[in-house]
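First comes the structure, then the notes that go with it.
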Amino acid sequence: MQLKQIRFILIQNRAGKTRLAKWYMQFDDDEKQKLIEEVHAVVTVRDAKHTNFVEFRNFKIIYRRYAGLYFCICVDVTDNNLAYLEGIHNFVEVLNEYFHNVCELDLVFNFYKVYTVVDEMFLAGEIRETSQTKVLKQLLMLQSLE
Amino acid sequence: MPAVSKGDGMRGLAVFISDIRNCKSKEAEIKRINKELANIRSKFKGDKALDGYSKKKYVCKLLFIFLLGHDIDFGHMEAVNLLSSNKYTEKQIGYLFISVLVNSNSELIRLINNAIKNDLSSRNPTFMCLALHCIANVGSREMAEAFAGEIPRILVAGDTMDSVKQSAALCLLRLYKASPDLVLMGEWTSRVVHLLNDQHMIVSSASTDLQDYTYYFVPAPWLSCKLLRLLQCYPPPEDGAVKGRLVECLETILNKAQEPPKSKKVQHSNAKNAILFEAISLIIHYDSEPNLLVRACNQLGQFLQHRETNLRYLALESMCTLASSEFSHEAVKTHIETVINALKTERDVSVRQRAADLLYAMCDRSNAKQIVAEMLSYLETADYSIREEMVLKVAILAEKYAVDYSWYVDTILNLIRIAGDYVSEEVWYRVIQIVINRDDVQGYAAKTVFEALQAPACHENMVKVGGYILGEFGNLIAGDPRSSPLVQFNLLHSKFHLCSVPTRALLLSAYIKFINLFPETKATIQEVLRSDSQIRNSDVELQQRAVEYLKLSSIASTDVLATVLEEMPPFPERESSILAKLKKKKGPGAVSVELEDGKERGELNGGADRGGEAAIAASNSTPSPSSDLLGLRSAAPVGGPAPSAGSLLVDVFSEAGSAPPSAASEDPAPPLFVCKNNGVLFENQLLQIGIKSEYRQNLGRMYLFYGNKTSVQFVSFTTTVSCPGELQSHILKCIPSLTHTKPVEPLVEGGAQVQQVINIECLTDFVDAPLLNIKFRYGGALQNITLKLPVTINKFFQPTEMAAADFFQRWKQLSQPQQEAQKIFKASHGMDTEVLKAKLLGLGTALLENVDPNPENYVCAGVIQTKIQQVGCLLRLEPNAQAQVAPPPPPTHTHTHTHLCAHALDSHTASVCPSLCGSHCITHCTHLHVITRYCIYVKDPHRVGSSKSH
């Protein structure tokens, strides 16, 4: 059994602008930039009839497109594709509730809050919390703090 | 629900972000950023002490600038200051900045760690979580050093809130992965495991508030997947009751997947199928439940034509691993038409790729011709990105399953015709090697290349193969006036001018070979060599060849010429270069998949694979590939010495007991490898060793894959292999000799995998497996692991098919007591026909169907190949479901081999059978009675001249 975990999470728009980058492995800055560009290149050429999975170096990317945004999770090749695909959707539903019909601009102006949302749901390369109710309750509580 | 407004709370930040977004050019953006940086710098340096809010705002701006891709070289101190704020929003920005822009400035690290320490002990769950998340996000060694002791305490403390425990658990995991030597889990393990029973833990439990964890009508899909995955870290449970419950769970999951959907939403079906696929992974991991494996295969079969591309893709992928299980291989094969259709019609290249992978995995002798034909026809239109891999796969399958080598030659020539550009050197070298090594196909090959070269435009690789083969074997078709020597020469030479320099050089060599083969072509060829375009060619290599060949043909006598230009000797086989290439192409990530591919055993290189010494021997005598494999027909029967090796017998199969204590506890029951060639040999927290081996005749090759499971490099990584037999008295005789071991690199990077190849030659029978010792330093500590390599005598079995009459005639001939060994043993928990059959096949013998008049019995035949002798073995297994426990009669005359067979079967059955206890109940009083009769044939009588004959 190999170590399986999330290697990184990226949110990018069609133009390739990164809206969120979360790294769960050590990469240096140049490497991160390269990864961001490569992911954009492999993901944006695919259409709706394609799978939501794409081989990527020695890993795979599980991604889903929402309007102009690509949510990508990089995991080990033997990991569970559908669990992460729905992990993405679960995350997007939380963002949607939290930002009240989330759009790309919300993620830009509130980038520091998006990190909090991610940390509530994914931590250390693992899925931390999947209950939308619980996550939103926690976010609401944090929101009320000064 | 909270609707968050833009830049909520930090107006200045929102304004700045808007400004950046309004910048029309990169230059404008940089200008705006520089202005802001100057502003922030002056604020930080100013006399006036900044309040928390301003500090937070400026640090957040710096972070934004960094995330835009600009360097930030100040502000760290202010961020650290924010950590000690008692306001959540300020603390949060501080921690975020540290997590994103961490550097190992030691002064700062100390301050950061101090702040974290304070928050961890604050008893404020929000602050504790912030601190834990920061540790988890940074995960550095310094942090592990500082907090590895503290976090387990938080994790198991009775008064810690659940959400904090969640974070603490994952935080610990991160530190453990990064620095396992610092996280001493020993004392905590049992208490952490206890948390699994805590109904609020692991994603806060499914029992109390299942509603919260139901996702589109699927209860706790992620938790289910995680648990199923966790089970894959363990071998199948030994306890029958536990096993039964597990099987029941897996059946329930398979049943649930068949129920009508509760929602039409894709989220519903995805969540359900995520669990299904994970359950199937577990079923494949156990690889012991034929029913479940076949059911899994059938359910995946339904997905093959599903309208969701994702499901088709995943079904193909999952079936690939099912194809490698002996239990489900046949079930997978029934979907061949659908898979071929997928290969032809899928829109997404990655799906077609999976279809091609699956065809490759389900290929065996029965369908090789169909699959190879389909792959070839797919190649005509295949995407460029996967052509080379497809070519390699076709070449491997064609070689592996070639029954008649003319089919192999046709296939490779077709490959060159269809996808010549993608046919690498390895592939066309290989066809030449095989043709050279097999005299039965040489004439056919010559005829076929001759025909292929008739095409007006043929690929240069075809010219190369054609030149080589006609140069060697053109004489075999020269009798036909349509392919007379001159016709052959003219045909080759008509391609000459279109070819590159290396091909021309090869053709020149073919020409000089022609002069030897066909003296009548000498004048014509000499004239060609003499022409200016050859002898004065600007290319040195071509010019030199032309000059030398011309001179050679002019001055050398016929005898000298015949000696110099003699037919090439058979090629010694060192490495299956094609397979190596495929692996390289697929990258290390794919190796683990390959590892599970149990179907590769022993047949990789077809009939032409002969290792070092064997090949040399063959070149000295007449090459007679595989014609005498049975040995039963050739060579005079000579009885081998019957070594009194009784005491050694047990050792092979009681590995755990005899292995050095350091490894004993972690030894994952190598008996499993008696009937298997691939799998995971060893695994602990640091290292995983995968093994993949192939055997042919008395030669074997073992690939060891050392995977570093940590993120830290292993240094001074060395491996040594030794044969314990060498230390014993019968020095030369008891060992598989390890003819060739390539050393591994001394550095193994974190997460990396290195490969080592060990070549094995079986000299004579043996009982003790070679030992593999691995030493490396991990985080300063020396690791020392000794394992037995799973090399057992049955690996050198060559299956032998024979008819009933034949079998019993031989059986009767081998009637002397010293030619027979019997063993009665208890099938530990039960047995299953399919399992037994698979084990017998795995043993390496041929399982002879419809031979024994009693259908309950199994009979097998095979020849054990060692360097000096062949041992023909006939084996009969008589299951006796009613027998009382009876002590096995002590065999008076025994021989190592027979005991090994029985032992192999015994121990393997024993290790596999617990799994069957729950589901199949022939069980507890089942006995197996094995009788093996054997006959030893000595290949080279000089080497064991003292052997008695029977």
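Proteins get letters first, then strands, A, B, ... in listed order; numbering begins at 1 in each. Just so it is clear, the structure is predicted and the values come from calculations on it, not from any experiment.
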Can B:Arg21 and A:Phe109 be said to form a side-chain contact (heavy atoms from CB on, under 4.5 Å), step by step? CA-CA 10 Å; B:Arg21 289 182 52 80; A:Phe109 281 94; 4.1 Å; yes

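- The number of heavy-atom neighbours closer than 6.0 Å to CG of B:Asp71, taken from other residues, nucleotides and ligands shown, is 12 or below.
- The ring-ring contact (aromatic ring centres under 6.0 Å, His included) test applied to A:Tyr70 returns no partner, not counting sequence neighbours.
- Proximity of a side-chain donor or acceptor of B:Asp212 to a complementary backbone N or O of A:Ser131 within less than 3.5 Å is not detected.
- Residues of residues 81-89 of chain A that come closer than 4.5 Å to chain B, counting heavy atoms only, are A:Asn81, A:Leu82, A:Ala83, A:Leu85, A:Glu86, A:Gly87, A:His89, ordered by residue number.
- In summary, B:Arg174 and A:Glu126 do not engage in a salt bridge, as defined by a charged side-chain N under 4.0 Å from a carboxylate O.
- Side chain to side chain, B:Ser163 and A:Gln138 fail the donor-acceptor criterion of an N or O pair below 3.5 Å.
- Contacts between A:Lys22 and chain B at a heavy-atom distance below 4.5 Å involve the side chain alone, from C-beta outward.
- Interface remark: A:Val102 contributes no atoms to any contact with chain B (heavy atom separation under 4.5 Å).
- A salt bridge links B:Arg354 to A:Glu55: one of the charged nitrogens lies within less than 4.0 Å of a carboxylate oxygen.
- In A:Arg57, the CZ atom is crowded: over 12 heavy atoms of neighbouring residues, nucleotides or ligands sit closer than 6.0 Å.
- In this structure, B:Ser350 contributes its side chain and A:Val54 its backbone to no donor-acceptor pair below 3.5 Å.
- Here the side chain of A:Asn80 pairs a donor or acceptor atom with the backbone of B:Ala274 at under 3.5 angstrom.
- Contact annotation for B:Phe97: neither backbone nor side-chain heavy atoms come within less than 4.5 Å of a heavy atom of chain A.
- No side-chain donor-acceptor contact under 3.5 Å links B:Tyr215 and A:Glu93.
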